[in-house]
Number of protein chains: 2
Amino acid sequence: MDHEQRTDGRTTDMRERIVDVATERFAAKGFAATSLQDIADRLGVTKAALYYHFRRKDDLIAEVLAPMVVDVEDWFRRVEERHPPPREALESYFEVVQRHGAVLAAIARDPAALEAGDTAVHVARWGQRVQTVLAGADATLEERVCTTVAIVGLARTVSLFPDAEVDELRRIAVDAALRALRV
Amino acid sequence: MDHEQRTDGRTTDMRERIVDVATERFAAKGFAATSLQDIADRLGVTKAALYYHFRRKDDLIAEVLAPMVVDVEDWFRRVEERHPPPREALESYFEVVQRHGAVLAAIARDPAALEAGDTAVHVARWGQRVQTVLAGADATLEERVCTTVAIVGLARTVSLFPDAEVDELRRIAVDAALRALRV
DNA sequence: GTCTATAGACCGATAGAC
DNA sequence: GTCTATCGGTCTATAGAC
């Protein structure tokens with residue numbers, strides 16, 4: 001096993017506290033702009049202490065990204081298995097993006113962080129995979145381009161309209177994406 | 001005036017050579033991942049020599065971005081003055097993005113670089129400005145969301161389909177963007 | 001098992017000699 | 001205009017205290 005685990009709910013586990021603080025700082029300032037020194041200071045430990053729990057900064061970043069990666073992989077699995085109608089697929093996609101808004105905002109700020117740890121292995125396949133899932137494995141150039149416009153545009157609306165009412169935004173954005181898809 | 005200017009076409013001007021090498025390296029590896037040491041080495045000078053020509057790395061980045069910024073500002077000016085039909089506006093937008101593919105790829109890798117020098121002043125206004133130009137100053141939420149899907153999606157197709165035939169890609173991508181715009 | 005102390009390598013940036 | 005030398009900051013690595 002990895003580390004101590006309290007039987008009560010308290011999170012005294014250092015690793016957990018590091019990930020919590022890191023998540024908050026990364027979302028607020030981006031990955032590159034947040035130093036391990038900053039994270040260590042806020043935890044009242046030395047920078048070197050972080051290196052006991054994480055071999056490299058990249059590993060810490062990878063752990064912060066993990067829940068988002070799991071959620072996206074989950075979305076793929078569901079859509080690949082159940083083949084929902086396009087509207088339903090895009091709506092649940094919108095919700096995944098919405099759920100991880102903070103982390104995705106940090107990624108938008110410096111996408112180089114996606115190469116952290118083994119996160120890159122997953123993310124590298126997403127582009128191709130979303131094409132396959134929405135347009136089929138043998139899609140034409142036109143179908144793939146339309147899918148790109150729909151998916152990329154849809155994802156961006158989440159970060160660009162943070163003050164909009166969520167249900168309304170989802171409806172409008174998904175409608176626009178569906179028209180781009182021409183279905 | 002700034003520096004020596006040869007009457008013949010030769011570019012022995014050091015400042016120019018720095019910008020050339022920097023442009024190439026930034027496009028290849030991104031802004032953050034390219035060190036001044038790397039650029040200096042390729043020019044056969046020391047890192048400190050670069051600091052005679054550029055006060056900060058950000059200033060060098062800003063100069064690399066400048067042609068793209070000028071071109072985009074030009075596009076805004078043309079569209080704001082002549083109010084072309086949406087298809088024409090999106091087509092010329094596609095071409096601007098296409099023309100600066102390398103620089104925009106570097107930006108996509110770490111957008112934080114957009115805060116370099118006074119570049120940020122321009123870029124910060126582009127989001128709002130493109131809404132105004134394509135949907136009008138008093139656009140509804142729906143119109144602004146549709147514009148976002150169209151513009152963001154359209155721009156991304158350029159970098160995601162580098163091997164596609166340009167005229168075909170532009171036609172397909174602009175069509176998809178127009179459907180998202182619902183015009 | 002957990003953390004501190006310390007040091008190395010590289011980064012952007014500056015000061016001053018030539 | 002370019003150099004050497006150096007500074008403070010970053011990530012990273014290791015030795016060793018407890």
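Values below: all heavy atoms of this structure, side chains included; hydrogens, waters and symmetry mates excluded. So that the names make sense, note that chain A is the first sequence line, chain B the second, and so on, each numbered from 1.
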Practice prompt. Taking the side chain as every heavy atom from C-beta outward, state whether B/Met14 and B/Leu43 have any atom pair closer than 4.5 Å.
Written response: yes
Worksheet, complete the sentence: Looking only at D/dC11, C/dT4, D/dA13, the nucleotide nearest the A/Tyr51 side chain is D/dC11
Worksheet item: Could you state the CG-P distance from A/Leu60 to D/dT10, rounded to the nearest angstrom?
Response: 16 Å
Fill in: Step-by-step side-chain contact (heavy atoms from CB on, under 4.5 Å) determination, B/Thr140 to B/Glu143
CA-CA 5 Å; B/Thr140 63; B/Glu143 289 168 326; 3.4 Å; yes
Worksheet item: Between D/dT2 atom P and B/Leu43 atom CG, what is the distance in whole Å?
Response: 10 Å
Fill in: Student check: side-chain heavy atoms of A/Glu88 and A/Arg82 closer than 4.5 Å
yes
Item to complete: To the nearest Å, give me how far apart CG (B/Leu36) and C1' (D/dT2) are.
Response: 16 Å
Fill in: Whole-Å distance separating the NZ atom of B/Lys57 from the P atom of C/dC11
9 Å
Worksheet entry | Whole-Å gap separating C1' (D/dG16) and OH (A/Tyr52) | 15 Å
Worksheet item: For C/dC3, does either OP1 or OP2 sit under 4.0 Å from a side-chain N or O belonging to A/His53?
Response: yes
Worksheet item: How close or far is atom C1' of D/dT10 from atom CD1 of A/Ile39, stated in whole angstroms?
Response: 13 Å
Worksheet item: Just how far, in rounded Å, is P of D/dC11 from CG of A/Leu50?
Response: 10 Å
Worksheet item: Closest nucleotide of DNA chain C for A/Lys47 versus for B/Ala48: which of these residues is on the 5' side?
Response: A/Lys47
Practice prompt. Grab the CD1-P distance between B/Ile61 and C/dA13 for me, whole Å please.
Written response: 9 Å
Worksheet item: Does a side-chain N or O from B/Thr46 land closer than 4.0 Å to OP1 or OP2 of D/dC3, or not?
Response: yes
Fill in: Linked, directly or transitively: A/Met68 and A/Val133 (ILVMFWY side chains, under 4.5 Å)
yes
